[in-house]
Amino acid sequence: MTAAAIVLDWIIGDPKWPTHPVILIGRWIRWMEGVLRKDGDSPERQKIKGVLLTTTTVMVSFCCVLAIILVARAVNEWLGYAVTTWLISTTIAIKGLKDAAYLVYNPLRKGELADARKYTGYIVGRDTDALGEEELTRAVVETVAENIVDAVISPLFYALIGGAPLAMLYRASNTLDSMVGYRNDRYRHFGWASARWDDAMNWIPARLTGLLLILVALLQRGLSAKRAVAAIRRFAHLHPSPNSGIPESAVAGALGIELGGLNVYGGVASERARLGWPLRPRTQRDIVYAVRMLYGVSFVVMGGLLCLLLVLF
């Protein structure tokens, strides 16, 4: 079912239906935040409420999906398989990530910087109004690299361990982090548990992703697996996230470019760790190469799953 979910995502992607599980999880989080978070709360009280938000969100997500699958299986075993496959496919976003990257690449290719900046702003939090081609490319490549963990390997890892319920629990964890896991005045304490939980959930998948990216670099022409290994060893620990530095360093090393550097958020400059070696200038084509690495990872995973099926059956 996990292999079928990958194929389903390759073909259909991630339609933004109002009933899409991730959209429903997001609405739950926003509602719970309104109920729990109060501006006058002490930091300790905010943390306790943040733990409650994280715990209830992941457990409700897990239990709801489990209940849906059990009901579907009670009606018909094949319906149960179909529902499980669809639910797993909603936790991954290979096609969605590619589409988001190409939404920036296509205007860049045509020299339409205004549109490229606008669409880059949809996928990153930094200010994009003044970015040129190199910086727009960097933003997209970093997003694709980081999300190979969040949108591909982590949900598949948990789907293999615990099926659709555990995959959805992971997706809920990641959605929590993306909505409240910020180190700003509003969420520094309230979102602390969500951010730390997401870090823990991604710890093993991020390291598996590093290995898979090295393998992809070995298999794809024009990429350097040796540099990918060296970049992970040299730069990954410099990233503020314990996990994101691994895929970003691997992609930077494989492509021979530098990621990281100066970002601006709401007019405030922030220097991010520089990952990889600037062996050449970044170009719009690096977006294409990053997407190829994304799909390469998914092909390797699919190949592994098919081999496992052959051995078992």
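Worth knowing before you read on, the calculation uses all heavy atoms, side chains too, and leaves out hydrogens, waters and symmetry mates.
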Review point. Sub-3.5 Å donor-acceptor pair from the side chain of Asp286 to the main-chain atoms of Thr283, do we have one?
Key: yes
Check your understanding: Can the ring centroids of Tyr182 and Trp192 be said to lie less than 6.0 angstrom from one another?
Key -> no
Check your understanding: Is the backbone N or O of Glu133 less than 3.5 Å from a side-chain atom of Arg138, with the two atoms forming a donor-acceptor pair by type?
Key -> no
Exercise for review: Identify the two heavy atoms, one from Ala254 and one from Ala217, that lie closest to each other, and give their separation to 0.1 Å.
Suggested key: CB-CB, 4.0 Å
Practice item. Nearest 0.5 Å please: distance from the OG1 atom of Thr137 over to the CD1 atom of Ile287. Key: 4.5 Å
Review point. Has the side chain of Arg73 got a donor or acceptor atom that lies under 3.5 Å from a matching backbone atom of Gly80?
Key: no
Exercise for review: Would you name the heavy atoms of Leu53 and Ile29 that are closest together and state the gap between them?
Suggested key: CD1-O, 4.2 Å
Exercise for review: For the pair Tyr81 and Trp78, name the ring-plane relationship: parallel under 30°, tilted 30 to 60°, perpendicular over 60°.
Suggested key: perpendicular
**Study point:** Within 45° cone and under 6.0 Å: Arg207 NZ/CZ vs Trp203 ring
**Key:** yes
Review point. Is it true that Arg282 and Glu135 make a salt bridge, defined as a side-chain N closer than 4.0 Å to a carboxylate O?
Key: yes
Review point. Under a 4.0 Å N-O cut-off, is there an ion pair linking Asp99 with Lys95?
Key: yes
**Study point:** Close side-chain approach of Val7 to Met302, heavy-atom, < 4.5 Å
**Key:** yes
Exercise for review: Flag the pair Glu112 and Arg109 as a salt bridge only when some basic side-chain nitrogen lies within less than 4.0 angstrom of an acidic carboxylate oxygen.
Suggested key: no
Review point. Considering all heavy atoms of both residues, which atom of Asp115 and which atom of Pro107 are nearest to each other, and what is their separation?
Key: CB-CB, 3.9 Å
**Study point:** Heavy-atom side-chain contact between Thr56 and Met32 under 4.5 Å
**Key:** yes
Check your understanding: Quick one: are Phe190 and Lys47 in side-chain contact, heavy atoms under 4.5 Å?
Key -> no
Check your understanding: Salt-bridged, Asp199 to Arg196, with N to O below 4.0 Å?
Key -> yes
Exercise for review: Please report the closest heavy-atom contact between Ala250 and Ile232, naming both atoms and the distance.
Suggested key: CB-CD1, 3.7 Å
Point to revise | Nearest atoms (heavy-atom pairs only) where Val58 meets Ser173 | key: CG1-OG, 3.5 Å
Exercise for review: Give a yes or no answer on whether the side chain of Ser178 reaches the backbone of Thr175 with a donor-acceptor pair at less than 3.5 Å.
Suggested key: yes
Practice item. Please determine if Arg186 and Glu33 form a salt bridge, counting it only when a charged side-chain N lies under 4.0 Å from a carboxylate O. Key: yes
Practice item. Just do the side-chain contact (heavy atoms from CB on, under 4.5 Å) check on Trp277 and Glu258 with the steps written out, would you? Key: CA-CA 5 Å; Trp277 299 274; Glu258 182 182 75; over 6 Å; no
Point to revise | Side-chain donor or acceptor of Arg188 paired with backbone N/O of Arg183 under 3.5 Å | key: yes
**Study point:** side-chain hydrogen bond (donor to acceptor under 3.5 Å, both in side chains) between Tyr170 and Asn202, worked out
**Key:** CA-CA 9 Å; Tyr170 167 76; Asn202 279 320; 2.8 Å; yes
Review point. Hey, which of Arg45, Gln46, Arg37 is the one that makes side-chain contact (heavy atoms from CB on, under 4.5 Å) with His189?
Key: Gln46
Check your understanding: Should Arg117 and Asp129 count as an ion pair when the cut-off is N to O under 4.0 Å?
Key -> no
Review point. Rounded to the nearest 0.5 Å, what separation is found between the CG atom of Leu113 and the CG atom of Leu136?
Key: 6.5 Å
Practice item. Carefully, step by step, assess Leu213 and Val251 under the rule side-chain contact (heavy atoms from CB on, under 4.5 Å). Key: CA-CA 7 Å; Leu213 285 167; Val251 170; 4.2 Å; yes
Review point. Do other residues, nucleotides or ligands put more than 12 heavy atoms under 6.0 Å from the CZ atom of Arg233?
Key: no
Practice item. Could you walk me through whether Leu176 and Asp198 pass side-chain contact (heavy atoms from CB on, under 4.5 Å), step by step? Key: CA-CA 8 Å; Leu176 277 163; Asp198 185 65; over 6 Å; no
Point to revise | Side-chain heavy-atom pair Ser89, Ile12 within 4.5 angstrom cut-off | key: no
Review point. Can you check side-chain contact (heavy atoms from CB on, under 4.5 Å) on Leu259 and Ile257, steps first, answer last?
Key: CA-CA 7 Å; Leu259 298 178; Ile257 61 175; 4.0 Å; yes
Practice item. Answer yes or no: does atom CD1 of Ile204 have more than 12 heavy-atom neighbours from other residues, nucleotides or ligands under 6.0 Å? Key: no
Practice item. Ignoring hydrogens and angles, tell me if any N or O in the side chain of Asp9 forms a donor-acceptor pair with the backbone of Ala5 under 3.5 Å. Key: no
**Study point:** side-chain hydrogen bond (donor to acceptor under 3.5 Å, both in side chains) assessment of Ser244 paired with Glu146
**Key:** CA-CA 5 Å; Ser244 298; Glu146 178 181 2; 3.2 Å; yes
**Study point:** Under 3.5 Å donor-acceptor, Asn263 side chain and Arg126 backbone
**Key:** no
Check your understanding: Within a strict 4.5 Å, meaning less than it, do heavy atoms of the Leu305 and Ile6 side chains meet?
Key -> yes
Check your understanding: Going by heavy atoms in the side chains, are Leu238 and Arg234 under 4.5 Å from each other?
Key -> yes
Study note, to complete from the structure: Between the OG1 atom in Thr120 and the OH atom in Tyr122, the distance rounded to the nearest 0.5 Å is 10.5 Å
Point to revise | Option among Thr57, Val51, Thr54 that satisfies the side-chain contact (heavy atoms from CB on, under 4.5 Å) test with Trp197 | key: Thr54
Point to revise | Flag, side chain of Glu142 to backbone of Gly260, donor-acceptor distance under 3.5 Å | key: yes
Check your understanding: Is the backbone of Tyr187 close enough, under 3.5 Å, to the side chain of Asn184 for a donor and an acceptor to pair up by distance?
Key -> yes
**Study point:** Main-chain N/O of Leu87 paired to Thr90 side chain as donor or acceptor, under 3.5 Å
**Key:** yes
Study note, to complete from the structure: Between Val291 and Ala101, the two heavy atoms sitting closest are CG2-CB, 3.8 Å
